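Structure first, then comments.
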2 protein chains.
Amino acid sequence: MGVTDPPAHTIESCMHVSDVLARVGSKWSILVIAKLGQGPQRFNALKREITGISQRMLTLTVRGLERDGLILRTATPSIPPRVDYALTDLGRSLLEPVQALGEWAIAHRAVVEAARHTFDAQHRDAGSHD
Amino acid sequence: MGVTDPPAHTIESCMHVSDVLARVGSKWSILVIAKLGQGPQRFNALKREITGISQRMLTLTVRGLERDGLILRTATPSIPPRVDYALTDLGRSLLEPVQALGEWAIAHRAVVEAARHTFDAQHRDAGSHD
DNA sequence: CTGCATCCGCTACGATACTG
DNA sequence: CAGTATCGTAGCGGATGCAG
């Protein structure tokens, strides 16, 4: 097709970025990736480590991650069944930019919180009197 | 404060990262940030450029971004009213890691799609036939 | 131990209409 | 032109029970 290779990043490209960020943006996803970044983990190990996650969410999260080829699911057909999850090479490569964003988050966390506080304060009495 | 850079990334740190990624992960957010990265834009201009976004979502997105100090809202009290949105310094600093992640998305887009296809194919007849 | 299906509630999202 | 309020929908997310 007549591909109109754009000189810069198009909205279309941003769409794909949105898609990835939507997946990575799911709070549980990066927690799983971060945990798996420390080495392969079993299902219950992940559930135990990631406080607050439900079994359903963990299942859906790992399946989504596996579907995207970010993690590898290794099921051992034994009794009791053992399932290990590990980052793939693709997942590890994703870990880098994610960590970069993570460092930004940590570095500017205070600024963002302050901005929120300021915004909140300005909107508490916006249009109101004392 | 005692910045004793932690030995590794803790779960708690990841929580904050999740928070930021949750905001950035909202597909509309990065589109707005990307658009604003090209220069200040008016409300309708953003709505026109970002195809598919509703007025409600744009308002909410822009307000959330402003609340976090990522963008600056400049309202001109005239008839008709004119409101310009522009990236703050904080927003521009966020643009860097986001673009890094964006390049990852573009670079590995095909791989992810292939992984999805493979996963989908394997699960279409998983457990079926011999 | 792991995974899935169901029920149920909640919040996020989209379209419309109205105000300034 | 910019923004808000309301309504309706739909997908997300949590708890439970069951199956391999």
Side-chain angles (χ1 to χ4, degrees), chain A residues 15 18-19 21-32 35-36 40-67 71-86 119 122-128, chain B residues 15 18-19 21-32 35-36 40-68 71-86 119-120 122-128:
Chain A
M15 293 293 186
S18 305
D19 187 63
L21 259 59
R23 168 126 315 130
V24 178
S26 306
K27 58 171 175 238
W28 301 126
S29 295
I30 63 159
L31 292 179
V32 170
K35 253 308 160 200
L36 257 38
Q41 307 268 338
R42 293 187 59 176
F43 187 84
N44 266 4
L46 288 173
K47 189 167 64 124
R48 218 176 303 117
E49 290 290 328
I50 305 175
T51 314
I53 193 173
S54 64
Q55 197 169 25
R56 175 188 174 85
M57 277 299 94
L58 181 56
T59 301
L60 292 178
T61 300
V62 292
R63 279 190 63 184
L65 259 34
E66 182 198 5
R67 182 169 182 261
I71 68 177
L72 182 66
R73 177 179 177 274
T74 306
T76 304
S78 58
I79 305 291
R82 176 196 180 99
V83 181
D84 287 89
Y85 293 94
F119 181 89
Q122 289 179 352
H123 278 249
R124 253 199 284 268
D125 54 28
S128 303
Chain B
M15 292 295 185
S18 304
D19 186 63
L21 258 59
R23 166 124 318 128
V24 178
S26 305
K27 59 175 177 235
W28 299 127
S29 293
I30 62 161
L31 292 178
V32 170
K35 252 311 161 197
L36 258 37
Q41 306 268 338
R42 293 186 60 175
F43 186 85
N44 266 4
L46 288 174
K47 187 163 65 115
R48 219 176 303 116
E49 290 291 328
I50 305 175
T51 315
I53 194 173
S54 63
Q55 196 169 18
R56 176 188 175 85
M57 275 298 94
L58 181 55
T59 300
L60 291 178
T61 300
V62 134
R63 279 189 64 183
L65 259 34
E66 183 199 4
R67 180 169 182 263
D68 284 8
I71 67 176
L72 182 66
R73 177 179 176 273
T74 307
T76 305
S78 59
I79 307 289
R82 176 195 180 100
V83 180
D84 287 88
Y85 292 95
F119 181 87
D120 190 51
Q122 290 179 351
H123 277 250
R124 254 199 286 265
D125 54 26
S128 301

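Lettering of chains follows the sequences in order, A, B, ..., and the numbering in each one begins at 1. On a predicted model such as this, the values are computed, not experimentally measured, just so you know.
Between the CD atom of A:Glu66 and the CZ atom of A:Arg73 there is a distance of 6.0 Å, given to the nearest 0.5 Å. Between the NZ atom in B:Lys27 and the CE atom in B:Met57 there is a gap of 9.5 Å [rounded to 0.5 Å].
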*For the pair B:Ile53 and B:Leu46, evaluate side chain to side chain contact (heavy atoms under 4.5 Å, CB included) and give the outcome as yes or no after the intermediate values.*
CA-CA 9 Å; B:Ile53 194 173; B:Leu46 288 174; over 6 Å; no

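The shortest distance between the side-chain N/O atoms of B:Tyr85 and the OP1/OP2 oxygens of D:dG3 is below 4.0 Å. One finds no side-chain N or O of B:Arg42 lying less than 4.0 angstrom from the OP1 or OP2 phosphate oxygen of D:dG3.
Residue B:Ile71 contributes atom CD1, which lies 14 Å from atom C1' of D:dA2 at whole-angstrom precision. A straight line from CD of A:Gln41 to C1' of C:dC1 spans 16 Å, rounded to a whole angstrom. Distance, B:Ile79 CD1 to C:dT19 P: 16 Å, rounded to whole Å. Taking atom CD1 of A:Ile53 as the reference point, atom C1' of D:dG13 lies 11 Å away to the nearest angstrom. Put simply, CG on A:Leu31 is 13 Å from P on D:dG13, counting in whole angstrom units. Protein atom CG of A:Asp84 is 10 Å distant from nucleotide atom P of C:dG3, rounded to whole Å. Following rounding to the nearest Å, A:Phe43 (CZ) and C:dG3 (C1') show an atom-to-atom distance of 7 Å. For A:Leu60 and C:dT2, the CG to C1' distance is 14 Å, given to the nearest whole Å.
Taking 3.5 Å as the limit, the base of D:dG3 and the side chain of B:Gln55 contain a donor-acceptor pair of atoms between them. For B:Arg56 against D:dT6, a side-chain N or O and a base N or O form a donor-acceptor pair under 3.5 Å.
Looking at the side chain of A:Pro81, the nearest of the listed nucleotides C:dT2, D:dT4, C:dA15 is C:dT2. Nearest nucleotide to the side chain of A:Thr59, out of C:dC4, D:dC1, D:dG13: C:dC4. Looking at the side chain of B:Met57, the nearest of the listed nucleotides D:dA2, C:dG14, D:dG20 is C:dG14. Across C:dT2, D:dT4, C:dG14, the shortest atom-to-atom separation from the side chain of B:Trp28 is found for C:dG14.
Of all heavy-atom pairs between A:Arg42 and A:Asp84, the closest is CG-OD2, 3.5 Å. When every heavy atom of A:Arg23 is checked against every heavy atom of A:Ser29, the shortest pair comes out as O-OG, 3.1 Å.
Residue B:Arg48 is classed as having no contact, given no heavy-atom separation below 4.0 Å to the nucleic acid.
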